[in-house]
Each structure stands twice: as C-alpha cells, then as structure tokens.
There are 2 protein chains.
Amino acid sequence: MTKVLIVDDEPQILRALRINLRARGYDVEVVPDGTSALKAAAAYHPDLIVLDLGLPDMDGVDVIRGVRGWTETPIIVLSGRAGSEDKVEALDAGADDYVTKPFGVDELLARMRAVTRRHSSVAEVTPIVRIGQFSVDIASHSVHGTDGSEVRLTPTEWGLLSLLVRNPGKLVSQRQLLREVWGPQYQSETNYLRQYMAQLRRKLEADPARPRQLLTEPGMGYRFLSQD
Amino acid sequence: MTKVLIVDDEPQILRALRINLRARGYDVEVVPDGTSALKAAAAYHPDLIVLDLGLPDMDGVDVIRGVRGWTETPIIVLSGRAGSEDKVEALDAGADDYVTKPFGVDELLARMRAVTRRHSSVAEVTPIVRIGQFSVDIASHSVHGTDGSEVRLTPTEWGLLSLLVRNPGKLVSQRQLLREVWGPQYQSETNYLRQYMAQLRRKLEADPARPRQLLTEPGMGYRFLSQD
DNA sequence: GCCCCTCGTCAAGATCGCGTCAAGAATGCC
DNA sequence: GGCATTCTTGACGCGATCTTGACGAGGGGC
C-alpha cells in the first residue's frame, strides 16, 4: 500500500484529501505544519509527500530542502498563488511536480501516479528508454532507430536529454536545466532551452510540432514522459 | 602478462617478491616509497598493486586514496601490525585484500590470483575482436592481419586501443581515456588523443580518413564499434 | 477585447574541436 | 656513442556546433 504524507494547514483540504485518498486505497497521514512534516517524514517514511507551500511555521521550500537532505521521496507541491516564482523555487529545491489551488482531486491523483511510477522505475537502472521510434541508451551514449539507423546528438543536446530522461515524469525547472547543462551563469538564457529542445524534438519526436514525450510546462520548465 | 607494482621499503622483502613473482610469470616493478608508488602507478599502469602500509615518506592509506582517485586497480595491503584498526582503515580507503607480515609467498600468490580474477572477470569476455581485416587479441597483446602479417602497436597505442575495445559500443570520454592511458594529470591534453587515434586508424582501419569502427564523438570522446 | 509574456522557429555569425602534418625531445637497443 | 623508435608539442584549415538576434503565434491576466 502506498503511504502518503499530506502537509497542509487548511482543515477542509486535509479532510477532502484524506477521504478521497483513503477511498483510492492510499495509506494517508496528515500533519498541519513544517516542523511536524519533517518529523513525520523521518518517522513514517512515506512513499510520497504532498506539501502545501503556505505553512504557518516555516517556508515550504525549506521543508523540501529538509526532506531532500536525506531522501529522494517524491514531493508534489500545492500552491495557492498562481505566480510562478515560488513554484520554480520549489522545483529547484527538489520538488517533483506542482499543482495550483484550487485543484481537482483527479488532477492531483494523476500527478501522484505519474510521480510514484517514476520513482519506482528509477530503482531499476533504466539504461534504455524509448522516445517515439528511437531507443536512447544512457549507458553507452547512443540513440538508435527501430530500423537500426543511428541518430547523432551533439554534446549539448545529449546533456539536456540525459538530464530529462534521468528524471522521467518529473518537471525539471528551466533554471536547473540551464545550470546543469550550461553552467550556473547561464540561468536566465531561456532561449538556449527553446533552441535545443526544438532540436531534440526534431531528431526524436514523430511530430516535432506536437511533442508527446518532450513536453513544455509553460513558465516552469520541461518534462520527459516515458511511454508505457 | 600481469603487471604487478610492489611498494615496500624493506630490501629483502622486495628481493624475495621480485624473484618469486618473476618466476611465476608476473611482470614486476618495485618502488621503495609512497611518492614513487603514485608516480609508478600512473606511469606503469599495473594490473595489481602490492602495498606495504609502513612506508618512510607517507601513510600507506593515503597512497591507497591517491591511487583510488583515478583507477580501480586492485590493491593488496601488507602490514606488520596484526591489529585490525589499520586494516579496516585500509579496506575502507579502497584496498581489496590484506596480508599480515610475516606471510608465506604462497598465501600472497593465492590472494593475488583471487583479486585479479575478481577484477578481470568483469571485462575479460572479449579476448579477440576484429577491426577491418585485422584481429586484435587483447589477452596476448598482438594484432594480426588475415594474411598472417603482424601489426606492431606501441605501448601507448595499445593502452588506448585496449581501453576502447574493452568497452565495445560504449562511448568512452576523453577524460577517461587520458586518465587511464596517460595518467590523471593529462586530463586536458586532448591533442594526445587526436594524435594516437589517428595512428591507430592508420594502422587498423581500411580507410583511415573514414573510420568505421574507431569512431569520434565530437566534443565527448571515442567509441569502438564491433563489426556485426 | 487588448496587451504582455513566453514559446517555437528561422537564420545568421562566432567559436570550438577535430584531423593532419611536422619537428624536436626522450627513450631504449645495439 | 649512435641509431631507431616512440612520445611530446605546436600550428593550421575546415566543418560542425554553439551563440545570438529577431519575428510571429498562442495563452493568460487585466
């Protein structure tokens, strides 16, 4: 049974989530603030954490950092503000995905499934992933088509693709992509991302204009969706 | 032939080991202190290191750390002290096995066989590969043409080729090639790679200007592609 | 409904990395 | 000591890659 830790200070949200998730077969634990969230994460070892950024006692981003200090447990962030600044910050701190309030329970459930699937599949090395009709072999740094043809990627293209593929299902922020592929001083050169994501889609996606696996999350970042 | 580097400051032990190991068919190099051990490890690329912990110039454990910084070459530690404290420390630093002085040569030889077997069983699956019209025998260090002619490779050429061949289909980064063939301080001398890859292609590829098996991955490294 | 921001796309120029040639320095062999 | 082999180092042209700028389309906020 999947264990979920919910961190939120609004009683009605807690109540709604607890009922809905229990009905779906989740094992649910709820806490109202950051301090008890960190404690509960350590004591309860949840498989997934749903975290509201607006907590009474501490900044939600610091809760993420505290959890990430010792575990990779997936974290889905809830945010009341539609403004993207804090959400980007949360993703950079290590959150896996985010949902803006007000949200439909179905949406949250879908993201929970996506994120837990990603986490369980990471354990099994995932040396080869499929994009469209191509297989990407992370270990040997090569991409082959089903017909045996070979796709050549430049170093930058490869850096970008491998970062996304190593985090399947996770929304990776623009900042993190730029930081890890180009370096810390390039964190605002979003045009690089547009340029190279377009190149990757041209080389890998069946219909580059309508990407199915190399997805854009407007204002946030990019996401690789594994097909299965 | 297995190359062994022996690090010890006692002349009689050095002498005994050199004679015994040479008689058993090992290629033996000896050095008397930690500084020259690190140098020799980089220059000589032994298949195995036998290291006395009591050295005149530096702590033996630091020698282990120095070697482990850039290679997985197996290390067997010799120590006069039977106490387990330094033994644990040495193993933690990356030593593979441990022999307490005084020891029988037979015991050391047994441990050497065990350790090299464990280490080589990983890669020693492809003893003979074909490049163009030549067959490369990794085990016996020789290259023959289909017509029986023999191709001579220099030590450096051989080091480069064997590293690539032991990773068939995999991209080997420039840094790794430089580190394992020339040593850790050469990691940015990419012109060496250009030089020697050209020489290998001249000697082995049918059309050196259009290599089919010794491939360049621009900006990243080189790759050996086995033919079939 | 209008405006602004972000994304996808295209097209250039600048830069980098590779292959190649060549020559001096080190090393080992006779 | 002399010779041959091997290793090191430098330079150069060319092509691929990266960088940079500009423009239209679409979506969300006001």
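- With B:Thr216 as the fixed residue, the side-chain hydrogen bond (donor to acceptor under 3.5 Å, both in side chains) test singles out one of B:Arg223, B:Arg201, B:Arg194: B:Arg201.
- Using a 3.5 Å distance cut-off with no hydrogens or angles, the side chains of A:Thr100 and A:Lys87 do pair a donor with an acceptor.
- Close to C:dT9, at under 4.0 Å from its OP1 or OP2, lies no side-chain N or O of A:Arg202.
- When atom types are taken as modelled, the side chain of B:Asp57 and the backbone of B:Gly34 share a donor-acceptor pair closer than 3.5 angstrom.
- Within the 4.0 Å cut-off from OP1 or OP2 of C:dG19, at least one side-chain nitrogen or oxygen of B:Thr216 is found.
- One end of the helix from C:dG1-D:dC30 to C:dC30-D:dG1 points its axis 40° away from the other end's axis, with each axis taken from 5 pairs and the angle rounded to 10°.
- When heavy atoms are screened at a 4.0 angstrom cut-off, A:Arg210 is found touching no nucleic acid atom at all.
- For A:Thr156, a side-chain nitrogen or oxygen approaches OP1 or OP2 of D:dC18 to under 4.0 Å.
- The shortest distance between the side-chain N/O atoms of B:Trp182 and the OP1/OP2 oxygens of D:dT8 is below 4.0 Å.
- Taken residue by residue, residues 185-200 of chain B places heavy atoms nearer than 4.0 Å to DNA chain C at B:Arg194, B:Gln195.
- A:Glu157 comes within contact range of no nucleotide atom at all, as no heavy-atom separation falls under 4.0 Å.
- Between the A:Glu205 side chain and the A:Arg212 main chain, a donor and an acceptor come within less than 3.5 Å of each other.
- Side-chain polar atoms of A:Asp92 and A:Ser173 form a donor-acceptor pair below 3.5 angstrom.
- Under the 3.5 Å distance criterion, with hydrogens and angles disregarded, no donor-acceptor pair is assigned to the side chains of A:Thr156 and A:Thr154.
- Taking 4.5 Å as the limit, some side-chain heavy atom of B:Leu164 sits within range of a side-chain heavy atom of B:Tyr222.
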